[in-house]
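Heads up: the structure comes next, in structure tokens.
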Amino acid sequence: MSQSEVHVISHPLIQHKLTLMREQSRSTSSFRRLLNEISMLMAYEVTKDMPTQLIEIETPLEKMQSPVIDGKKTVFVSIMRAGAGFLDGMLNVVPGARVGHIGLYRDPKTLVAVEYYFKMPHSMHERDAVVLDPMLATGNSAVAAVDRLKETNPRSIRFVCLLAAPEGIRNLSEAHPDVPIYTACIDRGLNDHGYIMPGLGDAGDRMFGTK
């Protein structure tokens, strides 16, 4: 069986900021700021092969043909609610991108993802989708999100997370081997409650100060 490409973005700046985010004593505002900064740094790697087109511009000296990306063809798909923290940083780098939202929550007993919201831009068949969720733990939410997203027939799909567990990578990769995975780190594994170890706790709670 084919498997997804897995890209670990190991840039020293990203690893440094990730270490700071892991600290239990980190404040909500600091956690949120660091996630925003990391998502901007990761955006460079995730978009490095984004297609460009030549347009004619005029410099102070002469006219020329020069490349630009078509941000309108890119859709950042935020898996609510924790994906919102990733979204802001990505939009700082690609401000012309469209945004989609998938609302999912994890049933605490079964760990199965339950959908409560789904909204995408029109004409997804012309667009490249970048799915954003800080944590790829069991992978159930990621699989459910990509399942729904594929119903809109986007031109391509990539999955971007801050941390991944081997179990989540395996689950998403087996369900959607055509979807490459980008992450800053692959941690040891999951505990009995489905949390990534050593991880950084619940990203949504730490981002929004809800626990």
Tabulate below the donor-acceptor pairs under 3.5 Å that side-chain atoms of residues 154-169 make, not counting sequence neighbours, or state none.
{"unit_1": "Arg155", "atom_1": "NE", "unit_2": "Asp128", "atom_2": "OD1", "d": "3.2"}
{"unit_1": "Arg155", "atom_1": "NH2", "unit_2": "Asp128", "atom_2": "OD2", "d": "2.8"}
{"unit_1": "Ser156", "atom_1": "OG", "unit_2": "Asp128", "atom_2": "OD1", "d": "2.7"}
{"unit_1": "Arg158", "atom_1": "NH1", "unit_2": "Val46", "atom_2": "O", "d": "2.4"}
{"unit_1": "Arg158", "atom_1": "NH1", "unit_2": "Asp49", "atom_2": "OD1", "d": "2.9"}
{"unit_1": "Arg158", "atom_1": "NH2", "unit_2": "Asp49", "atom_2": "OD1", "d": "2.9"}
{"unit_1": "Glu167", "atom_1": "OE2", "unit_2": "Leu190", "atom_2": "N", "d": "3.3"}

Legend entry - Ser141 OG to Leu104 CG distance, which is reported to the nearest 0.5 Å: 5.5 Å
Legend entry - Partners passing side chain to side chain contact (heavy atoms under 4.5 Å, CB included) against Thr59 (at least two apart in sequence or in another chain): Leu61, Glu62, Met64
Legend entry - Separation of Ile102 CD1 from Ser78 OG (nearest 0.5 Å): 9.0 Å
Inset, instruction - Specify the closest pair of heavy atoms between Thr210 and Gly204, including all atoms of both residues, with the distance to one decimal. - result: OG1-O, 4.1 Å
Legend entry - Qualifying residues under side-chain hydrogen bond (donor to acceptor under 3.5 Å, both in side chains), relative to Lys48, sequence neighbours excluded: Glu45
Inset, instruction - Kindly give the heavy-atom pair with the smallest separation between Ile57 and Ser66, and that separation in Å. - result: CD1-CB, 4.1 Å
Legend entry - With Glu5 via salt bridge (charged side-chain N to carboxylate O under 4.0 Å, His left out) - residues at least two apart: none
Inset, instruction - Examine Phe76 and Leu35 and state if one hydrophobic cluster contains both, with Ile, Leu, Val, Met, Phe, Trp and Tyr joined whenever side-chain heavy atoms are less than 4.5 Å apart. - result: yes
Inset, instruction - Could you name each residue pair satisfying salt bridge (Lys or Arg N to Asp or Glu O under 4.0 Å) that touches residues 33-43, not counting sequence neighbours? - result: Lys17-Glu37, Arg33-Glu37
Legend entry - Heavy-atom closest contact (Ala129 atom, Val77 atom, distance): CB-CG2, 4.2 Å
Inset, instruction - Please report the closest heavy-atom contact between Gly139 and Leu136, naming both atoms and the distance. - result: CA-CD1, 3.7 Å
Legend entry - Those residues that, when tested against Arg26, pass salt bridge (charged side-chain N to carboxylate O under 4.0 Å, His left out) (two or more places apart): Glu23
Inset, instruction - Could you tell me whether Glu151 atom CD has more than 12 heavy atoms of other residues or ligands within 6.0 Å of it? - result: yes
Legend entry - Minimum heavy-atom distance Met120-Gly100, with the two atoms named: SD-CA, 3.8 Å
Legend entry - Val131 and its side-chain contact (heavy atoms from CB on, under 4.5 Å) partner, picked from Val75, Val179, Leu149, Ile181: Leu149
Inset, instruction - Look only at the side chain of His193 and the backbone of Tyr195, and say whether a donor-acceptor pair between them is shorter than 3.5 Å. - result: no
Legend entry - Side-chain donor or acceptor of Thr74 paired with backbone N/O of Ala97 under 3.5 Å: no
Inset, instruction - Check step by step if side-chain contact (heavy atoms from CB on, under 4.5 Å) holds for Val6 and Ile186. - result: CA-CA 10 Å; Val6 179; Ile186 301 174; 4.2 Å; yes
Legend entry - Partners meeting side-chain hydrogen bond (donor to acceptor under 3.5 Å, both in side chains) with Gln15 (sequence neighbours left out): none
Inset, instruction - Please identify each residue that fulfils side chain to side chain contact (heavy atoms under 4.5 Å, CB included) with Lys119, with sequence neighbours left out. - result: Tyr117
Inset, instruction - List in chain and number order the residues that pass side-chain hydrogen bond (donor to acceptor under 3.5 Å, both in side chains) with Asp147, two or more places apart in sequence or in another chain; answer none if no residue qualifies. - result: His176
Inset, instruction - Report the distance from atom CG of Asp133 to atom CG of Leu87, rounding to the nearest 0.5 Å. - result: 12.0 Å
Legend entry - Any residue meeting side chain to side chain contact (heavy atoms under 4.5 Å, CB included) with Thr19, in chain and number order, not counting sequence neighbours: none
Inset, instruction - Not counting sequence neighbours, list each pair that qualifies as a salt bridge (Lys or Arg N to Asp or Glu O under 4.0 Å) and has a residue in residues 87-99. - result: none
Legend entry - CG on Asn153 to OG on Ser123, rounded to 0.5 Å: 12.0 Å
Inset, instruction - Sequence neighbours left out, what passes side chain to side chain contact (heavy atoms under 4.5 Å, CB included) with His16? Give chain and number order. - result: Leu20
Inset, instruction - Spell out, yes or no, whether Phe86 and Met135 are grouped together once hydrophobic residues are joined by side-chain heavy atoms under 4.5 Å, including indirect joins. - result: yes
Inset, instruction - Would you kindly confirm whether Leu18 and Leu13 end up in one hydrophobic cluster when ILVMFWY residues are joined by side chain heavy atoms under 4.5 Å apart? - result: yes
Legend entry - Cluster overlap Val93 with Met50, hydrophobic side-chain contacts below 4.5 Å: yes
Legend entry - Expected output: side-chain Arg206 to main-chain Leu200 donor-acceptor under 3.5 Å: yes
Inset, instruction - Without swapping roles, check the side chain of Arg32 against the backbone of Met207 for a donor-acceptor pair under 3.5 Å. - result: yes
Legend entry - Ser39 to Gly89 - nearest heavy-atom pair and separation: OG-CA, 3.0 Å
Inset, instruction - Measure the spacing between OG1 of Thr152 and NE2 of His122 and express it to the nearest 0.5 Å. - result: 12.5 Å
Legend entry - Cluster link Leu91 to Ile79, ILVMFWY, side chain under 4.5 Å: no
Inset, instruction - Can you measure from OH (Tyr182) to OG1 (Thr47) and round to the nearest 0.5 angstrom? - result: 9.0 Å
